[in-house]
> 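Next up is a structure, given as structure tokens.
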Amino acid sequence: MTPLNVMRFVRALWRRKWLVLGVAILITGGVSLQSLRQPKVYAASTSLIIDVTAPRILDGEVKEVMGEERSNYWFNKEYYTTQNEIITSRAVSMRVVDKLGLQHDPGFLGLSHLKDEKERSQAMQGADAAGLLQSRIRVQPVRDSRVVTVSVEDLDPQRAALLANEVAQAYMAENLALKLRTTESATVWLEERRGELERSSKVSELALYDFKKESDVLSTSLEDRMSIVSDRINSYNLALTEVRTRIAGLLGRVESIRHLRKSADSGDMTWAEAVPGADDTALQEFKRRFIEQRVACVELTERYLPEHPKMLECERKLAVVKLDFERSLNNVVRKAEAELAEAQAKEKNLVRLLATTKDEAFEVGKKEIEFDRLRREADNNRRLYELVLKRLKDIELSGLLRTSNVRVLDPARPQFMPIKPNVRRSVMMALALGLLAGVGVVVLLEFLERSIASQTDVEQKLGLAFLGFVPHVEGKEDNLPEKDLYVHRQPKSSVAECCRAIRTNLLFMSPDKPFKTLVVTSSGPQEGKSTSCIFLGVAMAQSGNRVLLMDTDMRRPRLHKAFGVPNDVGISSLVVGEGSLDRAIKSTEVPNLFVLPCGPIPPNPAELLHTQAFAELLKTVGGKFDRILLDSPPLNAVSDSAVLATQVDGVMLVLRAGKTNQDAARRALRSLADVQAQMYGAILNDLDATDGRYKESYLYYRDEYGPREEVKDRVASS
């Protein structure tokens, strides 16, 4: 708030000081009289100690349903807040009402003034004693302690003390009843779960027994059986390794013998010396005899011919020895082959036994998985059953206790000093309130300015977008062309700059789809709509757009006078089919700016603007110009503008700063809303730079950035 506005309110307060004093005296007197007439209200308080848990009587392992320990600060705070709510609950109040019969006590119900018994009885039946008591209970925790103060207000000090004590007793009873109800509901639920778990445990144990019986694991466990099978697999693997090692050696021996036999010449026995196992004693003996006989035959060849009987006898003996030697050598070979075949057969048997044992191991493993599953299920069911059974016994035992965690510290006593009404405090507060109210009345009167004077008024009071303002410029009232063409003839003036700002704001209202046709109107006459329409048209034409100004004010047309063009042919002529559009549209001294005057004033302007011919005319000129501005009559005077608003892209409302009434502007907006017109916003016209309400906010830039030699002409508003 500026110093100027502060002084404005200071002067207003000084000017209306008697009004301020009168309001203060009136309020103070009324409050004082009301305080003296009010009945005296008394209060009584009792203090309670609320522990988080009740005294521990049972063993620490026996947990109660509501026996949760709270060691955290926030848990304790939540707990005590809950207890405060229970004290002021309807359940506690109902206990007190039922015990004391307050629903039949006219003094407590405030019905003592009723003398007619029938009327009093009917009033008592409709009274809510519990709600009334509930509204009189106040709970105040004592800081940094477990003490809570419970206060009850009443018209009788004795009854107030009685109610306070009974509320404390009812709270303790309700707290214990809540604990018992919770314990009972928990017991019922646990009983149901215990029965279910007992049945489930029996079923799972029987299933485990049946499985052990079917799998023959009653005498030998699956773990022992799996261990035996594993040992067998290990022994088979070890034996198979040994056999395969022996097979490899025998196979090499047989293959070497076959290779030696195959590579030796027929009749040559020297290969036998390389045969593995040829060092056998019998074989060596046959070898020695063969060699000796062959040496003997060689010696005889030196003395006898081959046909000599001794040679023949020697050759026969050599053949016999050789045959025995070959037979012995073949036995060695057959022995090696037999050993190889035996080892290979043993390998096959071991492989078969190993495969069978592995299948047995897999089967035992599969049974072990199923056995473990059944055993886990049985163990879980048994453990859950034992847990529920133990908890059920704990709850049954704790339910027998009737201990409470609430104790009365100080019972309530009657207090004969009323707490209400406090006349002195009421008078002081009334005086202060009266002075503030008087100041508020003065400020309100200052704010009850019903005219639209600022951007804030446009945006907050009318809910419109603020498009800009047109400053007030002094000039001659009778020089219309000079005033209306001020923006064109003074393009560097602050007025022209403001109009260009309005043009920019209008275009940015819908950047994706700029408007084509725009109705310029006002709520009432003499608000500057025609001048604003011309200013805006000149600003748009200066930006390079082809702009057409249509004078749709067929009651008081003015555009033809502003531009000095004839009005013999215009909109009314074109709508009724007389004249041509080219002849009706007039050019102006402003480049790119054209005017379509009103034409002869018709007897029925609203009906004429609502015809199909006018819509076709608007469509036709829309194809020839970039922007079309329609100067229309005031909204609150006639309905022409509302009719036009339904045929164009949008509407701009012109408001005369400090003159246009808010109610009139709202009526104009309602008429546009009724026809669902597209509102682009509003502008403030004819702002006076000397008015402190908006001088700084709107025209400050004029002194800093405006032209120093600007000619100050007054813009007449139509």
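Owing to the predicted nature of the structure, the values given are computational and were not obtained by experimental measurement. Starting from 1, each residue takes its place in the sequence as its number.
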> Any heavy-atom pair between the side chains of Leu133 and Val97 that's under 4.5 Å?
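The answer is yes, as the side chains (C-beta and beyond) meet within the 4.5 Å cut-off.
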> Do Arg503 and Phe508 form a cation-pi contact, if we require the NZ or CZ to be under 6.0 Å from the six-membered ring centre and within 45 degrees of the ring's axis?
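Pair Arg503/Phe508 does not count as cation-pi.
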> Would the distance check show the side chain of Asp553 and the main-chain N or O of Asp631 forming a donor-acceptor pair, the cut-off being under 3.5 Å?
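It does not hold such a pair.
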> On a heavy-atom basis, which atom in Val458 and which in Ala682 lie closest, and how many Å separate them?
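Heavy atoms only, the tightest pair is CG1-CB, 4.1 Å.
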> Can you tell whether the side chains of Glu497 and Lys492 come within less than 4.0 Å, N to carboxylate O?
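Between Lys492 and Glu497 there is no salt bridge, as every charged N stays at least 4.0 Å from the carboxylate O atoms.
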> Donor-acceptor check, side chain of Asn636 to backbone of Gly524, threshold 3.5 angstrom: yes or no?
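Flag not set: sc Asn636 to bb Gly524 has no pair under 3.5 Å.
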> Given salt bridge (charged side-chain N to carboxylate O under 4.0 Å, His left out), test Lys461 with Asp663 step by step and report yes or no.
CA-CA 10 Å; Lys461 296 180 180 179; Asp663 297 330; over 6 Å; no
> Judged by atom type as modelled, is there a donor-acceptor pair below 3.5 Å linking the side chain of Thr517 to the main-chain atoms of Ile628?
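Side chain of Thr517 to backbone of Ile628, a donor-acceptor pair under 3.5 Å: no, none is there.
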> Taking 4.0 angstrom as the limit, do Arg656 and Asp686 come out as a salt bridge?
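Result for this pair is yes, salt bridge flagged.
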> Hey, are Arg583 and Asp568 close enough for a salt bridge, meaning a charged N less than 4.0 Å from a carboxylate O?
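Here Arg583 pairs with Asp568 in a salt bridge, since their nearest N and O are under 4.0 Å apart.
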> Please report the shortest heavy-atom distance between Leu574 and Leu596, naming the atom on each side.
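The pair with the smallest heavy-atom distance is CD1-CD1, 4.1 Å.
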> Determine whether Leu655 and Ser522 make a side-chain contact, defined as any pair of heavy atoms from C-beta on separated by less than 4.5 Å.
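Side-chain contact under 4.5 Å: no.
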> Do any N or O atoms from the side chain of Ser89 and from the backbone of Ile86 form a donor-acceptor pair under 3.5 angstrom?
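Indeed, once roles are kept as given, a pair shorter than 3.5 Å links the two residues.
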> Any idea which heavy atoms bring Thr521 and Pro634 closest together, and the distance?
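In terms of heavy atoms, the two residues are closest at OG1-CA, 4.0 Å.
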> Considering residues, nucleotides and ligands other than Arg556, do more than 12 of their heavy atoms fall under 6.0 Å from its CZ?
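Check fails, neighbour count at 12 or below.
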> Give, for atom CG of Leu548 and atom CG of Leu629, the distance between the pair rounded to the nearest 0.5 Å.
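With rounding to 0.5 Å, CG (Leu548) is 8.5 Å from CG (Leu629).
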> Indicate yes or no: at least one non-hydrogen side-chain atom of Leu593 is less than 4.5 angstrom from one of Leu549.
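Of all side-chain heavy-atom pairs linking Leu549 with Leu593, at least one is under 4.5 Å.
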> Without placing hydrogens or testing angles, list every side-chain donor-acceptor pair under 3.5 Å for residues 603-613, not counting sequence neighbours.
residue: Thr611; atom: OG1; partner: Leu608; partner atom: O; Å: 2.8
residue: Thr611; atom: OG1; partner: Phe614; partner atom: N; Å: 3.3
residue: Gln612; atom: NE2; partner: Glu616; partner atom: OE2; Å: 3.1

> Under 4.0 Å between a side-chain nitrogen and a carboxylate oxygen: does that hold for Asp484 and Lys561?
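Salt bridge: no.
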> Does the Ser639 side chain pair with the main chain of Leu635, one donor and one acceptor, at a distance under 3.5 Å?
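Not a single qualifying donor-acceptor pair exists.
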> Are Glu527 and Ser523 linked by a side-chain donor-acceptor pair shorter than 3.5 Å?
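Side-chain D/A pair, Glu527 to Ser523: present.
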> Could you measure the distance from the NZ atom of Lys659 to the OG atom of Ser451? Nearest 0.5 Å is fine.
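Separation between the atoms: 8.5 Å.
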> To the nearest 0.5 angstrom, please state how far the CD atom of Gln455 sits from the CZ atom of Phe466.
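These two atoms lie 5.0 Å from each other.
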> Quick check: closest heavy atoms across Met679 and Leu653, and the distance to 0.1 Å?
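Where Met679 meets Leu653 most closely, the heavy atoms are CE-CB, 4.2 Å.
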> Tell me, do Thr552 and Ile571 make a side-chain contact under 4.5 Å, heavy atoms counted?
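Sidechains of Ile571 and Thr552: in contact.
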> Could you tell me which non-hydrogen atom of Lys516 sits nearest to which non-hydrogen atom of Asp649, and how far apart they are?
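For Lys516 and Asp649, the tightest heavy-atom pair comes out as N-OD2, 2.5 Å.
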> Name every donor-acceptor pair, under 3.5 Å, that has one atom in a side chain of residues 667-675 and the other anywhere in the protein, sequence neighbours excluded.
residue: Ser671; atom: OG; partner: Ala668; partner atom: O; Å: 2.5

> Say whether, by atom type as modelled, one donor and one acceptor occur between the side chain of Asp626 and the main chain of Arg546 under 3.5 angstrom.
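Confirmed, Asp626 side chain pairs with Arg546 backbone.
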> Looking at Ala501, is its backbone amide N or carbonyl O close enough to the side chain of Asn505 to form a donor-acceptor pair, meaning the two atoms are under 3.5 Å apart?
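Yes: the side chain of Asn505 pairs with the backbone of Ala501.
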> For the pair Thr28 (side chain) and Ile25 (backbone), establish whether a donor and an acceptor sit closer than 3.5 Å, ignoring hydrogens and angles.
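Looks like no, no N/O pair under 3.5 Å.
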